[in-house]
Amino acid sequence: MKTCLLIIAMVLHLAGCDYIPVSSGALSGTETALPADWSAVAATNIIQLETNPAEPYSVNLWVIGMDGELFVHAGTNRATWIEHIENNPAVRLGADGNIYRFRAARETDQATFDRFAELWNSKYGNYPRNMNASEAYLIRLRQP
């Protein structure tokens with residue numbers, strides 16, 4: 001099964017896709033203090049988010065910086081990482097070899113979601129498929 005996933009990931013990469021949602025375990029890198037400015041992390045296309053500290057589970061996600069905070073999005077998919085956050089909001093974010101600790105919280109405010117969607121479209125060239133904040137899983141990453 002892992003071989004099939006690796007082949008699919010390679011094909012997507014060769015086809016020019018820069019977003020490959022493959023999960024893995026614990027992140028590796030240098031635990032780093034939270035910076036005052038998240039613009040460098042927010043500028044990257046893909047970050048890694050680790051959930052479930054007892055049995056680490058990490059995924060590659062697109063990220064948006066807004067109002068000095070970071071947001072990730074799962075659409076309306078109640079993915080495994082979303083379930084983990086619902087059970088334990090402690091997460092780690094990996095970017096550029098650094099690892100940062102956060103507490104994740106679902107954001108359901110429609111005005112916040114609409115602003116997020118505009119930034120998502122500016123960065124990634126499309127809007128989220130479902131623009132209803134109460135149905136989508138928009139996750140705000142907060143300082144612990």
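Since this is a predicted model, take the numbers as computed values, not measurements.
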Could you tell me the separation between the [atom1] atom of [X] and the [atom2] atom of [Y], rounded to the nearest 0.5 Å?
| X | Y | atom1 | atom2 | answer |
| --- | --- | --- | --- | --- |
| Ile64 | Arg140 | CD1 | CZ | 13.5 Å |
| Leu61 | Asn45 | CG | CG | 12.5 Å |
| Leu93 | Leu70 | CG | CG | 6.5 Å |
| Glu50 | Leu27 | CD | CG | 4.5 Å |
| Asn60 | Gln48 | CG | CD | 5.0 Å |
| Glu69 | Trp38 | CD | CH2 | 10.5 Å |

Item to check | Audit row: Tyr124, His73, ring-ring contact (aromatic ring centres under 6.0 Å, His included) steps and yes/no | outcome: CA-CA 13 Å; Tyr124 296 111; His73 183 243; over 10 Å; no
Report yes if the side chains of [X] and [Y] come closer than 4.5 Å at any heavy-atom pair, otherwise no.
| X | Y | value |
| --- | --- | --- |
| Thr32 | Ile99 | no |
| Arg92 | Tyr100 | no |
| Pro128 | Phe116 | yes |
| Arg101 | Gln143 | no |
| Thr108 | Leu138 | no |

For [X] versus [Y], what's the shortest heavy-atom pair and its separation?
| X | Y | result |
| --- | --- | --- |
| Leu34 | Phe102 | CD2-CZ, 4.2 Å |
| Gly65 | Leu119 | O-CD1, 3.7 Å |
| Ile47 | Val72 | CD1-CG1, 4.1 Å |

*Tell me, yes or no, whether the heavy-atom count around Asn88 atom CG, taken from other residues, nucleotides or ligands under 6.0 Å, exceeds 12.*
yes
Can you confirm whether more than 12 heavy atoms, excluding those of Glu135, are under 6.0 Å from its CD atom? yes
| said: Run Trp81 and Asn52 through side-chain hydrogen bond (donor to acceptor under 3.5 Å, both in side chains) and show every step you take. | reply: CA-CA 8 Å; Trp81 63 273; Asn52 197 33; over 6 Å; no
Open item on the list: As a quick check of understanding, evaluate side-chain contact (heavy atoms from CB on, under 4.5 Å) for Thr112 and Phe71, giving each step before the final call.
Closed with: CA-CA 11 Å; Thr112 301; Phe71 292 79; 4.3 Å; yes
task: Kindly determine whether Ile46 and Val63 satisfy side-chain contact (heavy atoms from CB on, under 4.5 Å), including the steps that lead there.
output: CA-CA 6 Å; Ile46 298 174; Val63 64; over 6 Å; no
| request: Could you walk me through whether Glu118 and Tyr127 pass the side-chain hydrogen bond (donor to acceptor under 3.5 Å, both in side chains) test, one step at a time? | output: CA-CA 7 Å; Glu118 289 297 329; Tyr127 285 93; 3.1 Å; yes
- Is Arg106 paired with Glu86 through a side-chain N to carboxylate O contact shorter than 4.0 Å? no
Review point. Checking side-chain hydrogen bond (donor to acceptor under 3.5 Å, both in side chains) for the pair Gln110/Asp114: CA distance, chi angles, key distance, verdict?
Key: CA-CA 6 Å; Gln110 189 63 51; Asp114 292 344; 2.8 Å; yes
Discussion item. Please check: side-chain N/O of Lys123 versus main-chain N/O of Trp62, any donor-acceptor pairing under 3.5 Å?
Written reply: no
Q: Kindly say whether Asn132 contributes a backbone atom to a donor-acceptor pair with the side chain of Asn130 at under 3.5 angstrom?
A: yes
Please verify the inter-ring angle class for His84 with Tyr57; under 30° counts as parallel, over 60° as perpendicular, anything in between as tilted. perpendicular
